[in-house]
Amino acid sequence: MPYSKAKPIVILMADDDEDDRLLAQDALRESRVLNELHCVEDGVELLEYLRKEGKYSEPDAAPRPGLILLDLNMPRMDGREALEQIKLDPELRSIPIVILTTSAQEEDMVKGYDLGAASYITKPVTFEGLVALMSALGKYWVEFVELPTSNN
């Protein structure tokens, strides 16, 4: 039985791999997590989305995410740089960021946590693993964690 406080959140996924973005969308649907998923392709686009710049300047184009899923290895601006900029911005730093990457390097994990990531997860190699991960993320971030409704 779902936890009574569950309500949909906006999840923003930053990943340059289109297949990974599509798989994540399918996995979220399959896991029946209440959410709205938006995707961007790199750190530059992630910051434009969060700051409502460029193509995200329309009022409804970029709803504030309750959670960011962040890949580390992306073109133009990688996840490490984007994470650092987000956590330095007083209006954005309260958004929880889960690093979701193929990198299992200890130094990436340590740096991610040092920069303020809420969690570090190595991407599952199977679709079933991704569905299980998205279900667990949904239960935790949607049903149990209390997130602020604004940036205050």
Side-chain angles (χ1 to χ4, degrees), residues 3 5-25 27-28 31 33-56 61-127 129-152:
Y3 189 58
K5 289 170 47 173
K7 64 178 190 164
I9 62 168
V10 172
I11 298 172
L12 178 58
M13 181 177 196
D15 195 313
D16 63 315
D17 188 312
E18 183 177 7
D19 289 338
D20 284 353
R21 293 191 307 269
L22 290 172
L23 282 172
Q25 289 172 332
L28 281 168
S31 68
V33 172
L34 300 172
N35 63 65
E36 180 180 334
L37 180 68
H38 294 255
C39 296
V40 295
E41 296 182 15
D42 58 43
V44 171
E45 190 179 357
L46 172 61
L47 290 171
E48 288 173 352
Y49 178 104
L50 293 171
R51 294 174 177 156
K52 299 182 181 297
E53 298 170 345
K55 69 181 182 180
Y56 299 106
R64 183 176 173 90
L67 177 66
I68 297 172
L69 301 178
L70 180 66
D71 186 27
L72 291 181
N73 302 311
M74 298 182 290
R76 295 200 301 167
M77 178 188 294
D78 72 16
R80 297 160 198 84
E81 295 170 281
L83 174 60
E84 184 171 20
Q85 287 199 29
I86 292 165
K87 293 305 178 180
L88 288 172
D89 187 321
E91 293 188 18
L92 303 175
R93 68 177 166 221
S94 66
I95 302 170
I97 298 176
V98 172
I99 295 173
L100 182 59
T101 187
T102 55
S103 174
Q105 294 182 24
E106 180 81 13
E107 67 187 67
D108 282 337
M109 189 181 307
V110 170
K111 184 165 186 176
Y113 283 120
D114 283 347
L115 291 173
S119 299
Y120 188 103
I121 300 170
T122 302
K123 287 180 185 175
V125 294
T126 65
F127 180 70
L130 190 58
V131 170
L133 171 63
M134 291 303 176
S135 179
L137 281 173
K139 283 192 182 305
Y140 182 72
W141 289 103
V142 175
E143 295 182 14
F144 298 116
V145 172
E146 301 230 10
L147 298 170
T149 55
S150 68
N151 62 348
N152 294 333

Salt bridge (Lys or Arg N to Asp or Glu O under 4.0 Å) partners for Glu48, two or more places apart: none

Could you grab the distance from atom CG of Leu115 to atom NZ of Lys87, nearest 0.5 Å is fine? 10.0 Å

For Gly66 and Ile9 the tightest heavy-atom approach is C-CD1, 4.4 Å

Just to verify, what does Val10 make a side chain to side chain contact (heavy atoms under 4.5 Å, CB included) with, not counting sequence neighbours? Glu36, His38, Tyr49, Pro63, Pro65

More than 12 non-hydrogen atoms from neighbouring residues, nucleotides or ligands closer than 6.0 Å to OH on Tyr140, yes or no? no

Just jot down the side-chain hydrogen bond (donor to acceptor under 3.5 Å, both in side chains) partners of Gln85, sequence neighbours excluded, or say none. none

As an exercise, state the distance from CG of Asp17 to OG1 of Thr102, rounded to the nearest 0.5 Å. 9.0 Å

How long is the straight-line distance from CZ of Arg21 back to CG of Asp16, given to the nearest 0.5 Å? 7.5 Å

Mind listing the closest non-hydrogen atom pair of Leu50 and Ile86 along with its distance? CD1-CD1, 3.5 Å

Determine the minimum heavy-atom distance between Glu45 and Cys39, stating which atoms define it. OE2-O, 4.4 Å

Atom of Ile99, atom of Ala117 and distance for their closest heavy-atom approach: CD1-CB, 3.7 Å

If the condition is side chain to side chain contact (heavy atoms under 4.5 Å, CB included), which residues does Glu107 pass it with, not counting sequence neighbours? Gln105

The side chain to side chain contact (heavy atoms under 4.5 Å, CB included) partners of Asp89 (sequence neighbours excluded) come to Arg51, Glu91, Leu92

Listed pairs under 3.5 Å, donor-acceptor, residues 69-79 side chains, sequence neighbours left out:
from	atom 1	to	atom 2	distance (Å)
Asp71	OD1	Thr101	OG1	3.2
Asn73	OD1	Arg80	NH2	3.2
Arg76	NE	Asp42	OD2	2.7
Arg76	NH2	Asp42	OD1	3.2
Arg76	NH2	Asp42	OD2	3.1
Asp78	OD1	Arg80	N	3.0
Asp78	OD1	Glu81	N	2.9
Asp78	OD2	Arg80	NH1	3.1

Residues two or more places apart in sequence or in another chain: which of them pass ring-ring contact (aromatic ring centres under 6.0 Å, His included) with Tyr120? none

Starting at OH of Tyr56, measure out to CG of Leu47 and round the result to the nearest 0.5 Å. 11.5 Å

Closest non-hydrogen atom pair, Gly43 against Ala82: CA-CB, 4.0 Å

With sequence neighbours left out, write down each residue that passes side-chain hydrogen bond (donor to acceptor under 3.5 Å, both in side chains) with Lys123, or none if nothing qualifies. Asp15, Asp20

With sequence neighbours left out, write down each residue that passes side-chain hydrogen bond (donor to acceptor under 3.5 Å, both in side chains) with Lys52, or none if nothing qualifies. none

Counterpart residues, side chain to side chain contact (heavy atoms under 4.5 Å, CB included), relative to Ala61 (two or more places apart): Glu58

Is the closest side-chain heavy-atom distance between Leu100 and Leu133 below 4.5 Å? yes

Flag the pair Ile121 / Leu137 as yes when at least one side-chain heavy-atom distance between them is below 4.5 Å, and no otherwise. yes

Do the side chains of Arg64 and Ile95 get nearer than 4.5 Å, heavy atoms only? yes

Interatomic spacing from CG in Leu67 to CD1 in Ile11 - rounded to 0.5 Å: 5.5 Å

